**Student:** 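Structure incoming, see below.
Fair warning: this is a prediction, and the values are worked out from it, not measured in the lab. Hydrogens, waters and symmetry mates are skipped; everything else that's a heavy atom, side chains included, is used.
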Amino acid sequence: MSRLSDRSTIGAWWAAIWPYRHFYLFIAPFFVLFALFGLYPLVFSLYLSFVKWDGLTPMQWVGLSNFRTMLGDEVLRRALWNTLVIGVLYIPPMLGLAFLFAQILNAQWLKLKAFYRAALFLPCVTPMVVIAIVFGLLFSSEKGVLNYALGFLHIPGIPWLTSEQWSKVSVAILVVWRWTGYNMILMLAGLQGIPEDYYEAAAVDGATAVQRMWCITLPLLRPTVRFCLLLSLLGTLYMFDEIFVLTNGGGPGTSSLNFGMYLFNLSFGSFKFGYASCVAYTIAILVFIGTLITNRINRQRGGEA
Amino acid sequence: MSVRPRPSPTGMTRKRLSVAALLGSACVALLAGCAPPAPTTDTAVPVTTARPSGAITIWSWNIAAKALQGLVPAFEKRNPGVQATVDMTGARMSTRFMLALTAGVGAPEVSQLQMTDAPRYIATHRLADLTAVAGKYRDRFPPAQWQSCELNGHVYAIPWDTGPCAVFYKRDLFQRYGIDPAKIETWDDYIQAGKTIVEKSGGKTRMLPLSTNDLESMLEILLQQTHGQIFDEQGRIALDSPEAKQALDIVRQLRQAGICSDVAAYGQEWMAGFNDESIATYPGAVWLAGTIEDTAKDYPGKKTNWGVFRLPSIAPGGDHVANSGGSVLVIPASCTNKAAAWAFIEYALCTQEGQLAQYHSSSLYPAYLPALQSSTMDAPDPFFGGQPVGRLFATDITKIRRLNRTQDWGEATTYLQQGLSEWASRGMPEGDLLEALAQKLHERLDVPLAPAGTTPVAQAAGGTK
């Protein structure tokens, strides 16, 4: 039944489905919604990549012109570079902290675990509007809490949100604060999946705490860490609300403009739906290829569990 | 391999979902109305003596929606057959209005648009042609506003409110530091007064809030005063001009004088400044008064004593006016009850009664000139210590220069804002910023540069009154 070309095969195919129609009906809503809100936009935006369209006037077929524009797009390059820098600034500290907190929460001696877990998870369920107000007050160069604190240490105030150098750092700090808890929960799940027996056996063999960490915890946690890393990388690319609210959509200049924000500006600021689709598609394909390559490398290393 | 959607570590999923949903609904809208009706001659609103009837929906936002809501009873009394509903659709209204226009279905009978967005929508030919019914009102609106509503001599929108600018100042602080607002004639005087205040207050009080990210709106105000333009009349980029340079120089002087507070417009500290001593003045449009009044009334402690003086001019004897903001009302071409829709717009915007009612209820400053001649404009305003500020804002309102707004306006201002904040965060280096910006606009918008040496024609200065 590999080919469905002639009628009898389709008939056979249909005959195979018909007895189970109720089951298909039950799973249909997902597929209908997916086709409407997932598949259709996906295909439609592929088409949009080849047209010029502002949403109001008729579409104009421009062939590969969008792709040519993209090659010379200096703002896109800047946005991708910013994405990389912001990622490098926040991912290591965030994953490090998440690992540390997960270790502590996994410890036998800790009381009130549920409370700490909830407290650390709270930032990522806090509405962005609230976060924006609070961090605006923290980072403000005029009366910000951070600069006030620095004043006590006789360090001159830092223009957190008004200088091109510091705006990325400010975004990174906000992201670390907001998403450490989420990654901690993932790592905690990973830690709890490591059987206790290994540690007991290691203890019997006289392994030190450092050795247990190095030879048991870290290797067995590697898939989880890799998963967190992948999510973080993708998250950096499409990060939106943090930048939208904290640096006024990528300011000053384009110093904290990341890829997601740039796409938003293109489509809903400049109404260049065709060009925005083209950029989005190209980057998505690049990311897909990148993921394939890293997966392949990992598998060759025999890393994937 | 089946991957279930998970929230990403940086929380993109929710936003991405909503953007996807928006795109999704755009697609559905497209499916629903694959071939939007081509504009035909019946997109015009004809003159008729028949009584309008039927139900109409008006899309509007925020305080403006409330103002219209207040008009509904009187309007329905005048037009017994019409039921008007004001839909305060709030967030992303302009995007949804655009989608509805694209789809050819789902648009309301009347919608609000930002004045700055109007040319973009008008250029699509999906708005009803109001020339036959509205042409007679041409002389009753400030020319700068009216021209944003026209394309090739046809009228597609009616100006609603305007945003004449002035400077809101704190009387107590001015008195304490010995500044006489009547003596502030030019921006130079303003900067000098600012320096005095900063010095005498020991740096505690700054003259105005002007952060790195808010320079673009300041530049727009100053461009109107120097008669500069971003686009010339043919829609070419005219930013690299002596007039624009003059405007930029004033921005530089303001920032370099050390009198600006680096707080973001409409941020927490900016609002907090309404009632403390951190900021002495807020240059801004007339609608800022409502925001100050509304926000500051809940603040604890002694209330600030506010006053208003006219916008400083570039040079002695120059213009003291500029406009910032303002809205219009439009009728989509696809509207099936244009007569009732027009009846509503005409009552709300083209009568003294309608406009003054909105001025009193929601401080929407009338674009309709006869409303400005009403004696109620001379009434002392208790919030401003009895100063008749309504008259102050009306002064010379027809002298406001129009900035040529093309359909690329929104995108252009985004690049300007980026360029200016970058410039400011690098310490405002000398060198030709405007030339670089004009070049950038030229490349990004794919719009030609205006030939060098042609001074952009500032339009419509002459008083029609």
Side-chain angles (χ1 to χ4, degrees), chain A residues 36-38 40-41 44-45 54-57 72 75 90 94 124 128 133 136-137 140-143 159 161-164 167 175 178-179 182-183 186 228 231-232 234-242 244 247-255 257 260 263-265 267-273, chain B residues 6-16 19-28 30-31 36 92 95 98-99 101-102 120-121 123-126 206 211-214 261-264 267-269 272 278 407-408 410-411 414-415 417-426 440 443-445:
Chain A
L36 212 62
F37 295 108
Y40 181 69
F44 186 62
S45 62
D54 66 354
L56 281 173
T57 46
V75 184
Y90 89 85
M94 181 184 74
C124 79
M128 202 57 216
I133 294 174
L137 291 175
S140 164
S141 39
E142 292 276 324
K143 295 180 203 154
L161 300 173
T162 49
S163 93
E164 290 184 278
S167 63
V175 176
R178 194 169 179 210
W179 293 105
Y182 179 80
N183 287 281
L186 290 178
C228 290
L231 285 187
S232 307
L234 289 178
T236 318
L237 208 55
Y238 294 106
M239 188 193 304
F240 179 85
D241 29 12
E242 283 87 350
F244 191 73
T247 62
N248 204 1
T254 48
S255 62
L257 185 84
L263 265 193
F264 177 84
N265 282 347
S267 44
F268 298 104
S270 316
F271 299 104
K272 290 185 172 170
F273 293 116
Chain B
R6 289 164 208 270
S8 76
T10 48
M12 249 323 296
T13 311
R14 206 164 9 113
K15 201 74 210 180
R16 220 159 65 200
V19 171
L22 207 72
L23 280 175
S25 51
C27 299
V28 174
L30 270 173
L31 272 178
R92 293 229 150 267
T95 307
M98 189 190 74
L99 291 175
L101 286 184
T102 311
R120 222 187 85 73
Y121 284 83
T124 64
H125 296 289
R126 286 176 197 270
R206 301 288 174 88
S211 87
T212 327
N213 282 326
D214 301 316
S261 175
D262 208 353
V263 298
Q268 297 297 306
E269 296 160 289
S278 59
Q407 42 181 328
D408 299 316
E411 196 179 354
T414 306
Y415 294 131
Q417 196 243 318
Q418 284 176 357
L420 287 168
S421 65
E422 192 175 272
W423 172 70
S425 68
R426 290 178 184 171
K440 180 167 185 185
E443 283 163 18
R444 301 290 300 187
L445 305 178

**Student:** Which pair of heavy atoms, one from A/Lys272 and one from B/Arg444, lies closest together, and at what distance?
**Tutor:**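 So the two residues come closest at NZ-O, 3.0 Å.
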**Student:** Does any heavy atom of chain A fall under 4.5 Å from the side chain of B/Ser211, the backbone, both, or neither of them?
**Tutor:**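 Neither; nothing under 4.5 Å.
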**Student:** If you count heavy-atom pairs under 4.5 Å between each of A/Asn265, A/Thr247, A/Val75 and chain B, which one has the most?
**Tutor:** A/Val75
**Student:** Picking from B/Asp262, B/Leu445, B/Thr414, which has the most non-hydrogen pairs under 4.5 angstrom with chain A?
**Tutor:** B/Asp262
**Student:** Heavy-atom pairs under 4.5 Å with chain B - which of A/Ser140, A/Gly260, A/Ser163 has more of them than the others?
**Tutor:**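 When all of A/Ser140, A/Gly260, A/Ser163 are compared, A/Ser140 has the most.
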**Student:** Tell me, for B/Arg206 versus chain A, whether the close heavy atoms (under 4.5 Å) come from the side chain, the backbone, both or neither.
**Tutor:**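 Only the side chain of B/Arg206 comes within 4.5 Å of chain A.
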**Student:** Below 4.5 Å from any heavy atom of chain A, which atoms of B/Gln417 appear? Answer side chain, backbone, both or neither.
**Tutor:**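 For B/Gln417, the contact with chain A is made by the side chain alone.
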**Student:** Side chain from CB out, backbone as N, CA, C, O: work out which of these in A/Phe271 comes under 4.5 Å of a heavy atom of chain B, or both, or neither.
**Tutor:**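 Contact with chain B involves the side chain of A/Phe271 alone.
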**Student:** Which of these, A/Pro252, A/Ser167, A/Ser255, sits in a side-chain contact (heavy atoms from CB on, under 4.5 Å) with B/Ser425?
**Tutor:**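 Going through A/Pro252, A/Ser167, A/Ser255 one by one, the side-chain contact (heavy atoms from CB on, under 4.5 Å) with B/Ser425 is satisfied by A/Pro252 alone.
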**Student:** Work out which heavy atom in A/Asp54 is nearest to a heavy atom in B/Met98; give both atom names and the distance.
**Tutor:**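 It is O-SD, 4.1 Å.
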**Student:** What verdict does the side chain to side chain donor-acceptor pair (under 3.5 Å) test give for B/Gln418 and A/Thr254, after you've listed the backbone C-alpha separation in whole Å, the side-chain angles of each residue and the deciding distance to 0.1 Å?
**Tutor:** CA-CA 6 Å; B/Gln418 284 176 357; A/Thr254 48; 5.4 Å; no
